[in-house]
Amino acid sequence: MKHVLVIGAGPAGMMAAIRAAENGAEVTLLEKMKKPGRKMMITGKGRCNITNAADVPEIIRNIHGNGAFLNSSMRAYDNRDVMAFFEEQGVPVKVERGNRVFPVSDKAQDAVDAMVHRLHELGVTIELETPVADILTQDGRVAGVRTKTGVHYKADAVILAVGGASYPGTGSSGDGYAMAEKLGHTIVPIRPSLVPLETEEDWVKDVQGLSLRNVRATLLADGEPVQELFGEMMFTHFGVTGPIILSASRKAADCLAKGSLVELELNLKPALIPEKLDARVQRDFERYIRKSLKNGLVDFLPHKLIEPVLDYAYLDPDKPVHQVTAEERRRLVETLQHLTLTITKTRPLAEAIVTAGGISVKEINPKTMESKLVPGLYFAGEVVDVDAYTGGYNLQAAFSMGNAAGCWSVWNDD
């Protein structure tokens with residue numbers, strides 16, 4: 001019987017341990033935290049967005065960091081398999097807006113408990129509060145691991161699934177990169193992905209907490225559009241956050257790293273062409289003809305946003321509506337569809353939902369997740385240079401890689 005060691009009890013590590021045990025291996029799962037699945041507990045705002053119900057090509061398109069690398073592993077274990085797994089473990093799932101899949105209970109704890117129960121059911125040995133220091137090799141292949149307390153564990157295969165470097169309080173401290181690098185692996189520089197953005201403009205502090213829906217955001221680098229997104233966002237005391245902002249953050253981080261001037265252009269009324277928007281503004285002005293400009297937009301914009309928009313358009317908020325010229329109205333319409341923020345930086349990596357960068361996919365077999373450099377060593381999850389947009393794609397990637405690593409760690413005869 002093969003002995004498989006899995007390092008890290010996150011979604012990828014737990015899935016890898018389950019699949020290795022189901023295929024007949026003796027499995028030991030080592031986790032440095034007091035409980036398994038700590039980061040999984042906070043996904044989907046505590047509801048656990050376990051996958052996305054779109055077809056596989058669409059999921060891969062939403063994995064903007066090396067999605068093509070997952071073609072084999074995801075087709076071997078796709079979103080239907082993930083949903084079936086949780087259903088079989090007594091966790092019914094539901095599909096919500098954007099094809100996001102959640103437990104019907106809306107409790108991440110239920111998803112984590114289901115995986116832990118399956119591990120116990122299969123006889124997997126779970127060693128908590130057991131941080132690993134090194135992966136051991138002998139004659140060029142994996143031989144086991146050494147913990148930080150000096151304990152040695154022997155193994156026929158080792159699966160490294162310790163996560164990235166975001167949310168360190170959940171155990172993702174980036175220690176897996178050092179372990180892989182010691183064995184000769186290339187680490188693509190890590191950076192935040194799915195993280196809020198800081199802006200140069202101070203007025204965002206005055207509108208913090210304001211959420212906007214159905215907004216089109218265009219990310220600009222040195223004045224050129226590099227990404228466009230549509231959906232929800234929110235202002236904060238430091239800048240902006242929300243689904244479309246998080247999805248733009250990886251590209252923003254890349255552009256900032258290159259020294260580009262990075263801006264975010266917001267179209268607050270994307271459903272209207274400029275002429276129709278101007279007509280709508282004129283109708284509102286006619287309704288509030290005797291009021292000031294700031295009071296003439298109360299039906300058109302959130303209250304908190306009126307003065308920043310007027311200031312951006314160089315318009316006096318106290319000017320009477322009936323005195324607004326056609327040119328001033330044109331500037332207002334232009335601002336409503338091109339409200340621009342200057343992005344100064346991302347929030348820290350510790351605040352990112354996922355980490356971009358990690359172990360180079362060029363050194364990993366995409367079908368088996370085995371290292372091309374060290375036989376018997378497998379990788380799964382965020383420690384690999386793979387990352388996606390929000391919407392269940394990152395967890396699906398973790399489950400698919402975990403399945404491949406778990407199965408092939410048993411099937412392979414190196």
Side-chain angles (χ1 to χ4, degrees), residues 39 41-47 49 64 97-98 100 164-170 172 191-221 226-257 260-270 294 297 300-313 317 335-356 387-391 394:
K39 189 171 180 183
M41 287 289 294
I42 63 174
T43 61
K45 297 180 180 177
R47 297 171 59 216
N49 185 185
H64 52 169
R97 181 173 49 84
R100 290 168 165 82
S166 56
Y167 284 129
T170 64
S172 299
R191 55 209 184 280
S193 182
L194 301 184
V195 68
L197 300 174
E198 295 192 17
T199 63
E200 184 179 279
E201 291 74 17
D202 286 333
W203 63 261
V204 296
K205 297 175 185 176
D206 300 325
V207 299
Q208 63 178 295
L210 174 65
S211 293
L212 300 176
R213 304 182 73 175
N214 302 320
V215 172
R216 178 172 291 119
T218 303
L219 193 70
L220 305 171
V226 293
Q227 190 175 8
E228 187 176 283
L229 300 123
F230 178 84
E232 300 175 28
M233 62 167 287
M234 184 174 76
F235 293 98
T236 71
H237 66 282
F238 55 76
V240 285
T241 188
I244 61 174
I245 303 303
L246 298 179
S247 293
S249 62
R250 186 185 198 269
K251 180 68 75 174
D254 290 344
C255 293
L256 287 166
S260 299
L261 169 64
V262 180
E263 296 169 300
L264 189 71
E265 186 180 86
L266 304 177
N267 186 340
L268 305 176
K269 302 293 177 181
K294 66 183 177 185
L297 294 171
F300 201 63
L301 285 172
H303 179 74
K304 284 184 177 180
L305 202 54
I306 292 174
E307 293 217 20
V309 165
L310 292 175
D311 183 61
Y312 191 94
T335 297
L336 290 168
Q337 297 196 311
H338 300 277
L339 182 62
T340 304
L341 294 165
T342 305
I343 305 303
T344 55
K345 59 182 176 179
T346 67
R347 292 295 283 175
L349 181 57
E351 295 181 26
I353 295 175
V354 296
T355 309
D387 64 291
Y389 294 125
T390 57
N394 285 291

So do [Y] and [X] actually touch side chain to side chain, heavy atoms under 4.5 Å?
X: Asp387; Y: Thr355; answer: no
X: Val354; Y: Arg250; answer: no
X: Asn49; Y: Thr43; answer: no
X: Ile306; Y: Pro317; answer: no
X: Val309; Y: Phe300; answer: no
X: Thr199; Y: Ile343; answer: yes
X: Asn394; Y: Leu194; answer: yes
X: Asp206; Y: Pro308; answer: no

Taking [X] for its side chain and [Y] for its backbone only, find out whether a donor-acceptor pair lies under 3.5 Å.
X: Gln337; Y: Lys269; result: yes
X: Glu201; Y: Thr342; result: yes
X: Lys294; Y: His303; result: no

Please report the interatomic distance [atom1]([X]) to [atom2]([Y]), rounded to the nearest 0.5 Å.
X: Ile244; Y: Arg213; atom1: CD1; atom2: CZ; answer: 12.0 Å
X: Met233; Y: Leu268; atom1: CE; atom2: CG; answer: 8.5 Å
X: Glu198; Y: Thr236; atom1: CD; atom2: OG1; answer: 8.0 Å
X: Asp254; Y: Ser260; atom1: CG; atom2: OG; answer: 10.0 Å
X: Leu266; Y: Leu336; atom1: CG; atom2: CG; answer: 11.5 Å

Practice item. Look at atom NE2 of His338 and say whether more than 12 heavy atoms of other residues, nucleotides or ligands are closer to it than 6.0 Å. Key: yes
Practice item. Mark yes when over 12 heavy atoms from residues, nucleotides or ligands other than Lys304 sit less than 6.0 Å from its NZ; otherwise mark no. Key: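 It does: Lys304 NZ has more than 12 such atoms within range.
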Check your understanding: What do the steps show when you test Leu310 against Leu297 for side chain to side chain contact (heavy atoms under 4.5 Å, CB included), and what is the final call?
Key -> CA-CA 10 Å; Leu310 292 175; Leu297 294 171; 3.8 Å; yes
Which atom names give the shortest non-hydrogen contact between [X] and [Y], and what distance separates them?
X: Pro243; Y: Thr390; value: O-OG1, 4.4 Å
X: Ala248; Y: Leu219; value: O-CD2, 3.8 Å
X: Thr346; Y: Pro192; value: OG1-CG, 3.3 Å
X: Val195; Y: Pro348; value: CG2-O, 3.9 Å
X: Ser247; Y: His64; value: O-CE1, 4.3 Å
X: Tyr389; Y: Gln227; value: OH-NE2, 3.0 Å

Exercise for review: Output all residues satisfying side-chain hydrogen bond (donor to acceptor under 3.5 Å, both in side chains) with Arg100, sequence neighbours left out; order by chain, then residue number.
Suggested key: none
Check your understanding: Sequence neighbours excluded, which residues qualify as side chain to side chain contact (heavy atoms under 4.5 Å, CB included) partners of Ser211?
Key ->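 Listed in chain order: Met234.
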Point to revise | Member of Thr218, Ile245, Thr340 meeting the side chain to side chain contact (heavy atoms under 4.5 Å, CB included) criterion with Leu264 | key: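 Result: among Thr218, Ile245, Thr340, Ile245 is the only option passing the side chain to side chain contact (heavy atoms under 4.5 Å, CB included) with Leu264.
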Exercise for review: Give the C-alpha distance, both sets of side-chain angles, the deciding distance and a yes or no for side chain to side chain contact (heavy atoms under 4.5 Å, CB included) between Leu212 and Phe235.
Suggested key: CA-CA 9 Å; Leu212 300 176; Phe235 293 98; 3.6 Å; yes
Check your understanding: So Leu305 and Trp203, side chain to side chain contact (heavy atoms under 4.5 Å, CB included) or not? Walk me through it.
Key -> CA-CA 9 Å; Leu305 202 54; Trp203 63 261; 3.9 Å; yes
Practice item. Decide yes or no on side chain to side chain contact (heavy atoms under 4.5 Å, CB included) for Asn214 and Phe230, but give the supporting numbers first. Key: CA-CA 6 Å; Asn214 302 320; Phe230 178 84; 3.7 Å; yes
